[in-house]
There are 2 protein chains.
Amino acid sequence: MLFSKACHYAIRAALYISSRSENIVPIREISDELEISFHFLTKILQQLTRHHILTSLKGPKGGVGLNKPAEEISLKSIVLAIDGQDFFEGCLLRLDKCSDAHPCPIHDEWKPVRRQLLNFLESTTLDQFQSKVKSKKFRMKV
Amino acid sequence: MLFSKACHYAIRAALYISSRSENIVPIREISDELEISFHFLTKILQQLTRHHILTSLKGPKGGVGLNKPAEEISLKSIVLAIDGQDFFEGCLLRLDKCSDAHPCPIHDEWKPVRRQLLNFLESTTLDQFQSKVKSKKFRMKV
DNA sequence: TCCTTTTAAGACTAATTTGTCTTAAATATA
DNA sequence: TATATTTAAGACAAATTAGTCTTAAAAGGA
């Protein structure tokens, strides 16, 4: 699988949050709607908050919300916050510092494919899906 | 990470085997050369053997070898043998049966990117790297 | 101020993946 | 045939990831 389970949860939650017009959405609502364990989701969203992708508010009327405009939140930033940068340096043989200078045998062939993957994650932002998610015609769970 | 650690080991070992002119290579030699735990590698290569990607021979002069021409062994077949088909159905939100009929909000955007990834894995075969690996100018370990 | 609600933090458990070790089975060769 | 070598199989342990639970801290409202 491309990403960790936590990372997939994070992307789903981020899509959900960005589709809600309210600034702040309680995590309980997200976990109910997306059928994700509340406590696990809380931990994951805390990471997004620490990375300044979300803001959070405690107490009644509390919850989480986007910390910047949806068009400034890329899938890449979410993956980076949850799974770290391992993915982005990804060598097909998992060599430590596989590079043009010290490449593995697949490096040259793999590079353009990885580039396209990165381009997609960089250029894809939450705002692109807001209307789809709002329409409720697209699956957000199981 | 794209694939499991076991899968990366499998690809590395397959490249090594296909670059050796001998039909049969002892697993001990592979694990020594690639610095992979012998017993763990043995288990992984057993899976490739069960999937008829490799053949194996017990006893002195035993070892593993390609079960078909290198140009017929794709990266995809190795990934499939080790990690199963989860990767190939991969939805960005990890939904169970995300499809054109019942898509997640990112499905349409993700589809062409995944297609390119699959094309690469399908069209890339071991023979393409034999000379590079033989030249020993490319890294095969850490 | 006090109570309730909600996130933050972290200890703890469960599941999965990774890695080790022992024994069995097959086979070449002396 | 006996021995040494090598893969096969599977039990077991360690590490990582996923998930649960409890308590603390913050904030709104009576």
Side-chain angles (χ1 to χ4, degrees), chain A residues 1-13 17 20 22-67 79 81-84 86-87 94 142, chain B residues 1-13 17 20 22-67 79 81-84 86-87 94 142:
Chain A
M1 276 296 195
L2 240 54
F3 313 121
S4 69
K5 218 163 174 181
C7 190
H8 290 271
Y9 287 160
I11 294 172
R12 279 212 279 156
I17 294 165
R20 300 275 278 99
E22 290 80 7
N23 287 338
I24 291 290
V25 185
I27 297 176
R28 178 68 67 180
E29 175 189 325
I30 306 169
S31 70
D32 283 351
E33 287 295 323
L34 303 185
E35 292 174 5
I36 299 172
S37 142
F38 168 74
H39 285 105
F40 192 36
L41 182 59
T42 296
K43 284 210 304 192
I44 294 164
L45 296 185
Q46 277 170 27
Q47 291 184 70
L48 294 185
T49 302
R50 280 197 286 269
H51 279 81
H52 307 106
I53 292 169
L54 301 180
T55 32
S56 69
L57 216 66
K58 290 180 180 177
K61 306 273 176 188
V64 293
L66 302 188
N67 193 40
V79 172
I82 305 296
D83 281 354
D86 284 14
F87 178 82
R94 261 196 206 213
V142 193
Chain B
M1 276 296 196
L2 238 55
F3 312 122
S4 69
K5 216 165 174 180
C7 190
H8 289 272
Y9 287 160
I11 295 172
R12 279 212 281 154
I17 295 165
R20 300 275 277 100
E22 290 79 7
N23 287 338
I24 291 289
V25 185
I27 297 176
R28 180 67 69 179
E29 175 189 325
I30 306 169
S31 71
D32 283 351
E33 287 295 322
L34 303 185
E35 292 174 4
I36 299 171
S37 143
F38 168 74
H39 285 105
F40 192 36
L41 182 59
T42 296
K43 283 209 307 192
I44 294 164
L45 296 186
Q46 278 170 28
Q47 292 185 68
L48 295 186
T49 301
R50 279 196 286 269
H51 279 80
H52 306 106
I53 293 168
L54 300 180
T55 32
S56 69
L57 216 66
K58 291 181 181 178
K61 306 275 175 184
V64 293
L66 303 188
N67 193 39
V79 172
I82 304 297
D83 281 354
D86 284 15
F87 178 82
R94 260 197 205 210
V142 193

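Atoms considered below: every heavy atom in the structure, side chains included; atoms not considered: hydrogens, waters and symmetry mates. Naming: A, B, ... by sequence-line order, numbering from 1 per chain.
- Across the protein-nucleic acid pair, A:I44 atom CD1 and C:dA9 atom C1' stand 15 Å apart, rounded to whole Å.
- Between B:S4 and the phosphate of C:dT17, there is no side-chain N or O to OP1/OP2 separation shorter than 4.0 Å.
- OP1 or OP2 of D:dG19 lies within a sub-4.0 Å distance of a side-chain N or O belonging to A:Y9.
- When the nearest nucleotides of DNA chain D are assigned to B:G62 and B:R94 by heavy-atom distance, the more 5′-ward of the two goes with B:G62.
- Distance check: B:L2 CG to B:D83 CG gives 9.5 Å after rounding to the nearest 0.5 Å.
- Distance CD1 (A:I82) to C1' (D:dT17): 13 Å, rounded to an integer number of Å.
- Nearest-nucleotide positions on DNA chain D for A:L57 and B:R28 put B:R28 closer to the 5' end.
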Next item on the list: Step by step, work out the side-chain contact (heavy atoms from CB on, under 4.5 Å) result for B:T49 and B:N67.
Entry: CA-CA 8 Å; B:T49 301; B:N67 193 39; over 6 Å; no
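- Side-chain proximity of A:H39 to D:dC21, D:dA8, D:dA18: nearest is D:dC21.
- Counting heavy atoms from C-beta on, the side chains of B:V64 and B:T55 never come closer than 4.5 Å.
- If you take CZ of A:F40 and C1' of C:dT16, they are 13 Å apart, rounded to a whole angstrom.
- Here C:dT7 presents its C1' atom at 13 Å from CD1 of A:I17, a figure rounded to the nearest Å.
- Nearer to the 5' terminus of DNA chain C, by closest-nucleotide assignment, is the contact made by A:G59 (compared with the other of A:G59 and A:R50).
- Remark: the B:K43 side chain and the D:dG10 base include no donor-acceptor N/O pair separated by less than 3.5 Å.
- Proximity note for A:S56 (side chain, C-beta onward) versus C:dT18, C:dG19, C:dT7: the nearest is C:dT7.
- Listed nucleotides: C:dA28, D:dA9, D:dA27. Nearest to the side chain of B:P60: C:dA28.
- Among the atoms of the strands shown, none is found under 4.0 Å from any heavy atom of B:L45.
- Protein atom CD of B:Q46 is 16 Å distant from nucleotide atom P of D:dT6, rounded to whole Å.
- Of the possible polar contacts, none joining the B:R12 side chain to the A:R94 backbone as a donor-acceptor pair under 3.5 Å is found.
- In this structure, CE of A:M1 is placed 14 Å from C1' of C:dT16, rounded to the nearest angstrom.
- Note that the CG atom of A:L54 and the CD1 atom of A:I17 stand 5.0 Å from one another [nearest 0.5 Å].
- Taking atom CG on A:L41 and atom C1' on C:dT7, their separation rounds to 12 Å, with Å as the unit.
- When distances run from any side-chain atom of A:K58 to the nucleotides D:dT22, C:dG19, D:dA25, the shortest one goes to D:dA25.
- With contacts defined as side-chain heavy-atom distances shorter than 4.5 Å, the pair B:I82/B:S4 qualifies.
- Considering only side-chain N and O atoms, B:K5 lies under 4.0 angstrom from the phosphate OP1 or OP2 of C:dG19.
- Here A:S37 reaches the OP1 or OP2 of D:dT20: one of its side-chain N or O atoms lies under 4.0 Å away.
- The CD-C1' distance, from B:Q47 to D:dT7, rounds to 15 Å in whole Å.
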